[in-house]
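Note that these values count all heavy atoms, side chains included, but never hydrogens, waters or copies made by symmetry.
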Amino acid sequence: DLAGISSSAHPEEILRPLLQGYYCWIEKKELEIENVPKPLQDIAKKHIELCKFSLERMEIGLQLLRDEKVLEAFRMANLAILMQQENGKNKRQGLIENGKLIFDEDIATNLKDENVLKKHDNTWRAFQIAFFLMSIESFVNEHSDSREIVDLIWFPTGGGKTEAYLGVAAFEMLLRRLKNPMDAGVDIIMRYTLRLLTADQFQRSSRLICALEYLRSKNENKLGLTPFSIGIWVGSNTTPNKNLAALQELSKLERNKKDAKQFLVHNCPWCGAHLGYYEEKKLASNKKKKTQYYLGYKNKKNRLILYCPDKSCHFHEELPIYIVDE
C-alpha cells in the first residue's frame with residue numbers, strides 16, 4: 001500500500017493511526033511518572049520529552065509526503081524494499097548440458113514484479129516505519145536541525161534494524177536522483193565491526209541495490225543514466241584490492257586451480273543464480289571427466305566484472321556490484 005501498487009490511499013491516511021497510537025501511548029506513560037521512584041522521575045520526564053520530540057519528527061516527515069517528489073521517492077523506496085524482501089533469496093543451481101546452462105529452478109518462480117507483489121501482505125514493523133518517517137526531513141531540508149542528530153536503532157538481533165536503515169537509504173538515493181538525475185555520487189557509507197557480518201550485510205544490501213537499479217532502468221527519464229551500485233572496501237584477505245590480483249585469481253579459478261580463492265559474492269542478488277562453478281551433465285556414453293565451468297565473473301577492459309549466469313536475468317550483462325577496491 002505504501003508503495004502505491006496495491007492502494008491509491010495517501011501514506012498520510014495509512015500511517016496516521018500509527019502516530020495517533022504513539023501519541024496516546026506517550027500520554028499514558030506521562031501519567032505513570034508519579035509512580036516512578038522519586039530519584040528517577042527527572043529521567044522519566046526527559047524520556048517522555050524525547051518521545052514527544054520523536055513524534056514531532058515523525059509528524060513533519062508525514063507532512064512532507066504531501067510534496068509530489070518526496071511522495072514519489074517514498075513510494076519507490078517502499079517498492080525497492082518489497083523487491084529486495086522477495087527477490088534473490090532462493091539460491092538456484094544448474095548444470096551445463098550440450099553447452100547450455102540449465103537451471104534446476106526457472107527464473108520466473110524466483111522473480112516477482114510489481115503485479116505479483118501487489119498481492120503480497122509484507123508489512124513494516126512499527127519502529128521501522130517510524131524511523132523512516134523521522135528521517136525524511138533531514139534529507140528533504142538541508143537546513144534542518146535534525147541533520148545534527150545521530151539516530152541509534154537499538155533493537156535485538158533479527159528485529160529488523162537493517163531493513164529500517166535500508167529503507168531510509170533507498171529513499172535518500174531516489175530523492176537525490178528525482179531532484180537531479182545527473183547528481184550521482186557516493187550516498188551511503190556502511191561500517192561493520194565483524195568481517196563475517198560485513199560479507200553477509202554486503203550481499204543483503206546488494207539485493208536492495210539491484211532493486212533500485214532495476215527501477216532506475218525502467219525510469220531513466222526521472223532517475224538518470226548512471227547506475228545505482230554498491231562496493232565493498234575491506235582488507236585483501238576478504239576481497240582483492242587491485243584488478244590485476246582479481247584477474248589473476250579469476251584465471252586460477254577458471255583453470256580449476258586448487259589454491260584459488262573464491263570471490264565474496266556467490267549468488268545473483270536479483271534472481272538467486274549461483275555464481276561460481278557449474279558442472280557439465282555427464283552422459284552415460286561419455287567417459288571423460290566432467291568439466292567444470294566458472295561463471296559469474298569476467299574480465300572487461302582489465303577490470304573484474306560480476307554478472308548473472310542466467311541469460312534471462314536483468315543483470316546478465318553486469319551486476320552493479322564492485323568487490324575490487326581499485
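Judged purely by distance below 3.5 Å, without hydrogens or angles, the side chains of Asn87 and Trp270 never pair a donor atom with an acceptor atom. For Glu105 and Thr109, the side-chain atoms include at least one donor-acceptor pair closer than 3.5 Å. Side-chain atoms of Glu279 and Thr291 form no donor-acceptor pair, as typed in the model, at a separation below 3.5 Å. A donor atom on one side chain and an acceptor atom on the other are not found under 3.5 Å apart for Glu280 and Gln292. Residues Glu34 and Gln41 have side chains that never bring a donor and an acceptor to within less than 3.5 angstrom of each other. Side-chain polar atoms of Asn122 and Gln85 form a donor-acceptor pair below 3.5 angstrom.
Although no hydrogens or angles enter the test, the distance criterion places a donor-acceptor pair under 3.5 Å between the side chain of Asp113 and the main chain of Val116. Not a single donor-acceptor pair under 3.5 Å links the side chain of Arg75 to the backbone N or O of Ala3. Ser236 contributes no side-chain N or O that, together with a main-chain N or O of Asn241, makes up a donor-acceptor pair within less than 3.5 Å. In terms of modelled atom types and a separation under 3.5 Å, the side chain of Glu326 and the main chain of Asn243 share a donor-acceptor contact. In terms of modelled atom types and a separation under 3.5 Å, the side chain of Ser138 and the main chain of Ser146 share no donor-acceptor contact. In terms of modelled atom types and a separation under 3.5 Å, the side chain of Ser54 and the main chain of Leu50 share a donor-acceptor contact. Side chain of Asn219 to main chain of Lys222: no donor-acceptor pair is present (N/O by atom type, distance under 3.5 Å, no hydrogens or angles). No donor-acceptor pair closer than 3.5 Å links the side chain of Asn180 to the backbone N or O of Arg176. Formation of a donor-acceptor pair under 3.5 Å by the Gln128 side chain with backbone atoms of Gly160 is found in this model. The backbone N or O of Tyr214 lies less than 3.5 Å from a partner atom in the side chain of Ser217, making a donor-acceptor pair.
Rounded to the nearest 0.5 Å, atoms CD (Gln84) and CG (Leu79) are 11.5 Å apart.
No side-chain heavy atom of Asn299 sits under 4.5 Å from any side-chain heavy atom of Leu304. Taking the side chain as every heavy atom from C-beta outward, Thr239 and Val324 never approach each other to under 4.5 Å. Using a 4.5 Å heavy-atom threshold, the side chains of Lys252 and Tyr294 count as separate. Under the 4.5 Å side-chain criterion, counting only non-hydrogen atoms from C-beta, Arg177 is in contact with Arg216. The shortest distance between side-chain heavy atoms of Phe202 and Ser206 falls below 4.5 Å. At least one side-chain heavy atom of Leu253 sits less than 4.5 Å from a side-chain heavy atom of Phe263. Within the 4.5 Å cutoff, the side chain of Ile5 has heavy atoms near those of the Leu82 side chain. Side chains of Leu174 and Leu223 form a contact here, defined as non-hydrogen atoms less than 4.5 Å apart.
Between Lys46 and Glu49 no salt bridge is recorded (no basic side-chain N to carboxylate O distance below 4.0 Å). Between Arg92 and Asp104 no salt bridge is recorded (no basic side-chain N to carboxylate O distance below 4.0 Å). Ion pairing between a basic and an acidic side chain is recognised when a charged N comes within 4.0 Å of a carboxylate O; Glu97 and Lys100 show no such pairing. Electrostatic pairing of Arg57 and Glu137 does not count as a salt bridge here, judged by no charged N lying under 4.0 Å from a carboxylate O. A salt bridge between Arg16 and Glu59 is present, with a side-chain N of the basic residue lying under 4.0 Å from a carboxylate O of the acidic one. With salt bridges taken as basic N to acidic carboxylate O contacts below 4.0 Å, none links Glu56 and Lys52.
Remark: Arg125 fails to qualify as a cation-pi partner of Phe155 under the 6.0 Å distance and 45° angle criteria applied to the six-membered ring.
Of the residues listed (Glu254, Gln248, Arg255), the one engaging Ser251 in a side chain to side chain donor-acceptor pair (under 3.5 Å) is Arg255, and it is the only one.
The environment of NZ in Lys161 is crowded: more than 12 heavy-atom neighbours from other residues, nucleotides or ligands sit within 6.0 Å. Annotation for Tyr23: atom OH does not count as buried by contact number, only 12 or fewer foreign heavy atoms lying within 6.0 Å. Other residues, nucleotides and ligands place no more than 12 heavy atoms under 6.0 Å from the NZ atom of Lys242. No more than 12 heavy atoms of other residues, nucleotides or ligands sit less than 6.0 Å from atom CG of Asp145.
Classified by interplanar angle (parallel below 30°, tilted 30° to 60°, perpendicular above 60°), the ring pair His316/Tyr307 is perpendicular. Ring geometry for Trp124 versus Phe132: interplanar angle over 60°, hence perpendicular rather than tilted (30 to 60°).
Grouping the Ile, Leu, Val, Met, Phe, Trp and Tyr side chains by contacts below 4.5 angstrom, directly or via other members, places Tyr293 apart from Val265. When the side chains of ILVMFWY residues are joined at heavy-atom separations under 4.5 Å, either directly or via intervening members, Phe228 and Leu225 end up in two distinct hydrophobic clusters. Clustering ILVMFWY residues whenever any of their side-chain heavy atoms sit less than 4.5 angstrom apart, transitively, puts Phe103 in a cluster other than the one holding Phe315. No single ILVMFWY cluster, assembled from side-chain heavy atoms under 4.5 Å apart, contains both Leu71 and Leu178. Under a hydrophobic-cluster definition in which Ile, Leu, Val, Met, Phe, Trp and Tyr are linked whenever side-chain heavy atoms come within less than 4.5 Å, directly or via other members, Leu95 and Tyr277 are assigned to different clusters.
Looking at every heavy atom in both residues, Ala273 comes nearest to Asp310 through CB-CB, 4.5 Å. Listed here is the closest heavy atom pair of Lys261 and Glu249: N-OE2, 2.8 Å.
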